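See structure below.
What you see is a predicted model, and the numbers here were worked out from it, not measured in a lab. In the text below, chain A, chain B and the rest are named by the order of the sequence lines, each starting its count at 1.
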Number of protein chains: 2
Amino acid sequence: MPGERGTRERLIEVAAELVDEGGPAAVTLREVGARAGVSHNTPYRHFADKRDLLAVVAAGSLRDLAARFRAAGGDGAERVLRAALSYLEWAAEHPARFKLVFGAWGPEPHDELGAAAGAATEAMHACVAAAVEDGSLAGDPERVAAMVWALGHGSVDLALSGHLAKRPTSPTAEELVRELIGRLSV
Amino acid sequence: MPGERGTRERLIEVAAELVDEGGPAAVTLREVGARAGVSHNTPYRHFADKRDLLAVVAAGSLRDLAARFRAAGGDGAERVLRAALSYLEWAAEHPARFKLVFGAWGPEPHDELGAAAGAATEAMHACVAAAVEDGSLAGDPERVAAMVWALGHGSVDLALSGHLAKRPTSPTAEELVRELIGRLSV
DNA sequence: ACCTGAACACCGTTCAAGT
DNA sequence: ACCTGAACACCGTTCAAGT
């Protein structure tokens, strides 16, 4: 059948679903197995452990993000703004997965997750480098890219934690990103 | 004895220790009880559940942060910079507690944690409002404060997740904060 | 008021056994 | 190669009972 997929792909799909529904804590291997129609220890046939499964889910989300960056339209500073706004949208669509991606993975690195993070970083840097080159953004490209990324990330994370909207007059994440890029524009 | 403290305070202390050692996952009520010299269900005499205990730990950390903001020396933009840098230091000293404070608390709010977050936000806003008033920072105070907070928070969070230093030439969190405040200065 | 011991339901992980 | 069922150690939470 065309819709058929391997067990491994179904396990990843189901785990992502569970993360979206109730955060990483809601992902139990027993429930993953049940929803995928296999036993609760079948995941060990495809992943080293629970952390590995969650890291693969996170890596997939980061690859989606990188694809959005690459697909951002416009030129120069305008394109950087659109890429940054797509970051906010991505986080708003899957808040729990956003928290998972940037959560506590501990000291030991995970290859696939690290590679996906690197690719997303590169995609954002490419947007910014082009904008600095065509003269619509001013400053060292490395620093500008990191500032946009950090401010966008921080806005979203504070908003999701409920710590940004503590004051009634607090600006939104989108307003912050627009203001920063405005100030970085030549 | 002068060093004596109530069971409740010891439980909070021990839980904070465990968070620092191995993240929220390392905090088991059994280990908290053992280290505090009580049984594993004594915490339920003092806290609604595990989440409540962790939220109280997080609230204490946020009160420390607010105190550092208030204690920041200097004037105007200089004082904002020092407050922001103390945020970076605070996160670097207790990375796991930082992740806990801004972690996933779910939809239902926690009174003490919410109040502590509000107090920290107010302390940062007071620094920025003074700097805008004395003319060393330019812009709407609400927005400037939120930008500094968001960029500082995002830098630290990305650094702790290992996603900031993916490129060899990546700037540090401190460099990003300095550059932002430099650009916001008149 | 504060604490304990036993108990329940649940979870990650392992392993011998099945096809 | 892939999956299952039983088992182990562990955890959050509850509760009757103790002082």
Give me the distances for all protein-to-nucleotides 3-7 of chain C N/O pairs that come in under 3.5 Å?
| residue | atom | partner | partner atom | Å |
| --- | --- | --- | --- | --- |
| C/dC3 | OP1 | B/Thr7 | OG1 | 2.8 |
| C/dC3 | OP2 | B/His46 | NE2 | 2.9 |
| C/dC3 | N4 | B/Arg45 | NH2 | 3.2 |
| C/dT4 | OP2 | B/Ser39 | N | 2.5 |
| C/dT4 | OP2 | B/Ser39 | OG | 2.9 |
| C/dT4 | OP2 | B/Thr42 | OG1 | 2.8 |
| C/dG5 | O6 | B/Asn41 | ND2 | 2.1 |
| C/dA6 | N6 | B/Asn41 | ND2 | 3.3 |

Practice item. May I have the step-by-step check of salt bridge (Lys or Arg N to Asp or Glu O under 4.0 Å) for B/Arg8 and B/Glu13, ending in yes or no? Key: CA-CA 9 Å; B/Arg8 185 186 151 91; B/Glu13 228 173 70; over 6 Å; no

Practice item. Apply salt bridge (Lys or Arg N to Asp or Glu O under 4.0 Å) to the pair B/Arg10 and B/Glu17, showing each step before the final yes or no. Key: CA-CA 11 Å; B/Arg10 265 214 312 288; B/Glu17 255 176 53; over 6 Å; no

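Residues A/Glu112 and A/Arg63 are paired through a salt bridge, judged by an N-O separation under 4.0 Å between the basic side chain and the carboxylate. The pair A/Glu93-A/Arg68 meets the salt-bridge criterion, with a side-chain N (NZ, NE, NH1 or NH2) lying under 4.0 Å from an Asp/Glu carboxylate O. A salt bridge links B/Arg35 with B/Glu21; the closest basic N to acidic carboxylate O contact falls under 4.0 Å.
Across the protein-nucleic acid pair, B/Leu18 atom CG and D/dG12 atom P stand 11 Å apart, rounded to whole Å. C/dC11 atom P lies 13 Å from atom OH of A/Tyr44, rounded to whole Å. B/Lys50 places its NZ atom 18 Å from the P atom of C/dC10, with the value rounded to the nearest Å. Rounded to an integer number of Å, the gap from CG of A/Leu54 to C1' of C/dG12 is 12 Å. Here D/dG12 presents its P atom at 14 Å from CG of B/Asp52, a figure rounded to the nearest Å. Residue B/Arg10 contributes atom CZ, which lies 13 Å from atom P of C/dC2 at whole-angstrom precision. The separation between A/Leu29 atom CG and C/dC10 atom C1' is 13 Å, rounded to whole Å.
Of all heavy-atom pairs spanning A/Val144 and A/Ala138, the tightest one is CG2-O, 3.6 Å. Minimum interatomic distance between B/Ala26 and B/Leu18 (heavy atoms only, all atoms of both residues): CB-O, 4.0 Å.
Between B/His153 and B/Tyr87, the ring-plane angle classifies as tilted under the 30° and 60° cut-offs.
Remark: DNA chain C takes part in the stems C:4-8 with D:12-16, C:12-16 with D:4-8, each of 3 or more antiparallel Watson-Crick or G-U pairs, criterion distances under 3.5 Å.
Here the two rings, on A/His125 and A/Phe69, have centers that are 6.0 Å apart or farther.
Residue contacts shown for A/Val32 are absent, as no nucleic acid heavy atom lies under 4.0 Å away.
Among the nucleotides D/dC11, C/dG12, D/dT14, the one closest to the side chain of A/Thr28 is C/dG12.
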